[in-house]
Amino acid sequence: MLTLASDLEALTRFGRALADPIRCRILLALREAPAHPADLAETLGVSRTRLSNHLACLRDCGLVVAVPVGRRTRYELADERLGHALDDLRTAVVAVADDRTCAEAAEKGCC
């Protein structure tokens with residue numbers, strides 16, 4: 001039985017997913033269209049094992065779902081609103097990045 005996560009739990013899960021660049025790239029790719037793991041691995045240039053670990057994390061966070069298609073499994077965003085949220089976050093971060101840069105950007109490689 002599924003239960004609804006509290007607002008804090010939901011944001012924590014989303015933040016955990018976005019904390020890794022590969023998971024961000026997976027989410028952005030799935031925002032465009034559902035995909036099979038082999039295709040995602042090739043598109044993102046990562047091993048299937050590494051991709052599988054990240055997909056498991058995204059599934060555990062409730063952000064993607066695995067859909068059986070014959071003998072294969074296709075992945076897609078768990079809710080279409082996640083695609084809109086990713087777009088909103090991406091454009092908000094770009095807007096902030098244009099206005100501000102972290103004081104430690106050169107040292108830490110952030111921002």
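Worth knowing before you read on, the calculation uses all heavy atoms, side chains too, and leaves out hydrogens, waters and symmetry mates.
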For [X], give me all partners under side-chain contact (heavy atoms from CB on, under 4.5 Å), at least two apart in sequence or on another chain.
X: S52; value: none
X: C57; value: R23, C61
X: L11; value: none
X: T12; value: L8, R16

*Keeping the roles fixed (side chain from H54, backbone from I22), state whether a donor-acceptor pair exists under 3.5 Å.*
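Answer holds: no.
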Rounded distance [0.5 Å steps], [atom1] in [X] versus [atom2] in [Y]:
X: L58; Y: L51; atom1: CG; atom2: CG; result: 9.0 Å
X: R31; Y: L86; atom1: CZ; atom2: CG; result: 7.0 Å
X: L28; Y: L44; atom1: CG; atom2: CG; result: 9.5 Å

Please tell me if the side chains of [X] and [Y] come closer than 4.5 Å, counting only heavy atoms from C-beta onward.
X: P34; Y: Y75; answer: no
X: L63; Y: F14; answer: yes
X: V46; Y: L40; answer: no

What pair of heavy atoms forms the shortest contact from [X] to [Y], and how long is it?
X: A66; Y: T73; answer: CB-CG2, 3.5 Å
X: G62; Y: A78; answer: O-CB, 3.4 Å
X: L30; Y: V64; answer: CD1-CG1, 3.6 Å
X: V65; Y: L77; answer: CG2-O, 4.3 Å

*Could you note down all residue pairs passing salt bridge (Lys or Arg N to Asp or Glu O under 4.0 Å) where residues 41-67 supplies at least one of them, sequence neighbours left out?*
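As it turns out, there is no salt bridge (Lys or Arg N to Asp or Glu O under 4.0 Å) pair with a partner in residues 41-67 once direct neighbours are skipped.
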*Which pairs pass salt bridge (Lys or Arg N to Asp or Glu O under 4.0 Å) with one or both residues in residues 75-84, sequence neighbours excluded?*
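Listed once each, the pairs are R74-E76, D79-R81.
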*Criterion side-chain contact (heavy atoms from CB on, under 4.5 Å) on I26 and L55, from CA distance to verdict*: CA-CA 8 Å; I26 292 169; L55 286 172; 3.9 Å; yes
